[in-house]
2 protein chains.
Amino acid sequence: MNIGQAAEASGVSAKMIRYYESIGLIPKTVRTEAGYRVYSDNDVHTLRFIRRARDLGFSVEQIADLVSLWRDRERASMDVKRMALAHVDVLERKIAELQEMAGTLKHLANNCHGDGRPDCPIIEELASGETRHASSRAAPKFGLAKERLRP
Amino acid sequence: MNIGQAAEASGVSAKMIRYYESIGLIPKTVRTEAGYRVYSDNDVHTLRFIRRARDLGFSVEQIADLVSLWRDRERASMDVKRMALAHVDVLERKIAELQEMAGTLKHLANNCHGDGRPDCPIIEELASGETRHASSRAAPKFGLAKERLRP
DNA sequence: GTGATCCTTCCAATGATGGGAAGGTCAAGT
DNA sequence: ACTTGACCTTCCCATCATTGGAAGGATCAC
């Protein structure tokens with residue numbers, strides 16, 4: 001199977017397959033005489049695994065762990081569960097942040113009459129007020145691996 | 001005021017101030033004979049405005065719009081309101097995505113006994129199942145400007 | 001005057017992905 | 001057999017916001 005077919009079958013773009021290979025997330029494949037990468041059904045399986053983990057917001061680094069756990073049939077499911085729950089934590093903190101942002105903006109927009117008059121509490125708040133809340137101020141550095149879920 | 005003091009006063013790093021200048025978000029400042037950038041209280045005010053908009057998740061591009069609306073007191077507040085509400089939409093879609101991810105992961109983790117046994121539904125789902133849902137599949141390309149809120 | 005602390009510009013890296021160019025390869029149609 | 005078009009290869013560049021660092025000049029406190 002060529003890289004294009006593997007991409008089609010797995011839902012991971014050819015570009016990304018090469019990238020994953022280059023960073024060592026997947027091993028280097030067998031090549032044809034002409035240098036074409038050749039993929040097996042099993043490789044496609046792995047790629048699909050990766051794509052799904054990606055869809056759940058895992059970073060490539062985390063996925064590397066997941067893949068090794070997946071390959072190691074003896075691994076403790078505890079490790080996987082811990083990773084999943086830690087990731088849920090990150091997601092939930094992120095959700096809370098976004099809800100706070102959205103809430104603040106909605107509140108401001110509700111108090112903006114939206115006509116031609118120059119008064120706008122949104123602008124005024126940005127210009128002079130404290131728009132930030134404790135949680136966003138105190139928020140430690142945390143980030144989701146993927147911004148665009150399906151770019 | 002030097003860039004360092006302006007950074008301190010506004011909460012925007014000196015690095016970012018130079019960057020914002022380089023991309024035209026803020027105008028080029030006056031310089032001293034030695035080439036040092038000089039900032040006024042008004043500049044700091046603008047920088048603080050920018051930082052707050054950033055905290056609310058606006059992209060630099062959107063902030064450029066907001067800043068020009070802010071400077072132009074004759075503009076209709078409607079524009080600002082429209083921008084804010086459009087941004088709320090983006091935030092809420094993002095929230096829904098993250099909630100779905102977190103929900104899927106929690107569901108999987110609940111069904112994972114988490115002991116030493118190798119069976120783990122999380123891994124199994126990733127390996128063979130369809131983890132994606134309609135909303136994430138259908139999700140159009142949309143992204144939030146900022147991944148890390150306070151990096 | 002000297003050392004510490006600023007400031008300057010430039011360059012690189014991050015993470016995950018897309019875009020594209022330049023060139024080689026393959027399969028099918030004429 | 002030859003062309004055509006679809007594929008493949010590598011390599012470089014761009015994104016977005018931000019940080020880091022190096023090399024060198026300026027300023028400041030002592």
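Chain letters run A, B, ... following the sequence lines, proteins first, then strands; residues in each count from 1.
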Spacing of [X] atom [atom1] and [Y] atom [atom2] [to the nearest 0.5 Å]:
X	Y	atom1	atom2	result
A:Arg54	A:Ile63	CZ	CD1	5.0 Å
A:Lys106	B:Glu92	NZ	CD	4.0 Å
B:Asp41	B:Thr46	CG	OG1	11.0 Å

Discussion item. Is there a side-chain contact between A:Tyr19 and the phosphate of C:dG18, meaning an N or O under 4.0 Å from OP1 or OP2?
Written reply: no
- Query: Are any of B:Ser59's side-chain N or O atoms less than 4.0 Å away from OP1 or OP2 of D:dC16?
  - Reply: no
Write down the distance between [atom1] ([X]) and [atom2] ([N]), rounded to a whole number of angstrom.
X	N	atom1	atom2	result
B:Tyr20	D:dA17	OH	C1'	7 Å
A:Ile17	D:dT10	CD1	P	13 Å
B:Arg18	D:dT19	CZ	P	13 Å
A:Met1	C:dC26	CE	P	18 Å
B:Ile50	D:dT18	CD1	P	11 Å
A:Arg51	C:dA16	CZ	C1'	16 Å
B:Glu61	D:dT15	CD	P	12 Å

The side chain to side chain contact (heavy atoms under 4.5 Å, CB included) partners of B:Asp89 (sequence neighbours excluded) come to none
Sequence neighbours excluded, the answer for side chain to side chain contact (heavy atoms under 4.5 Å, CB included) partners of A:Asn2 is A:Gln5, A:Tyr36
Note: contacts of residues 22-37 of chain A with DNA chain D (heavy atom, under 4.0 Å) are A:Arg31, A:Gly35, A:Tyr36, A:Arg37
Across all chains, not counting sequence neighbours, the side chain to side chain donor-acceptor pair (under 3.5 Å) partners of A:Glu8 are none
Across all chains, not counting sequence neighbours, the side chain to side chain donor-acceptor pair (under 3.5 Å) partners of A:Ser40 are A:Asp43
Considering only heavy side-chain atoms of A:Asn2, the closest of D:dC7, C:dA16, D:dA17 is D:dC7
Protein-nucleic acid N or O pairs under 3.5 Å, nucleotides 21-23 of chain C:
none

Residues 17-31 of chain B side chain polar contacts: donor-acceptor under 3.5 Å, at least two apart:
unit_1  : atom_1 : unit_2  : atom_2 : d
B:Glu21 : OE1    : B:Arg37 : NE     : 2.9
B:Ser22 : OG     : B:Tyr19 : O      : 2.7
B:Arg31 : NH1    : B:Gly35 : O      : 2.8

With sequence neighbours left out, the residues meeting salt bridge (charged side-chain N to carboxylate O under 4.0 Å, His left out) with B:Lys15 are none
Ranking B:Glu21 and A:Met16 by the position along DNA chain C of their nearest nucleotide, the one closer to 5' is B:Glu21
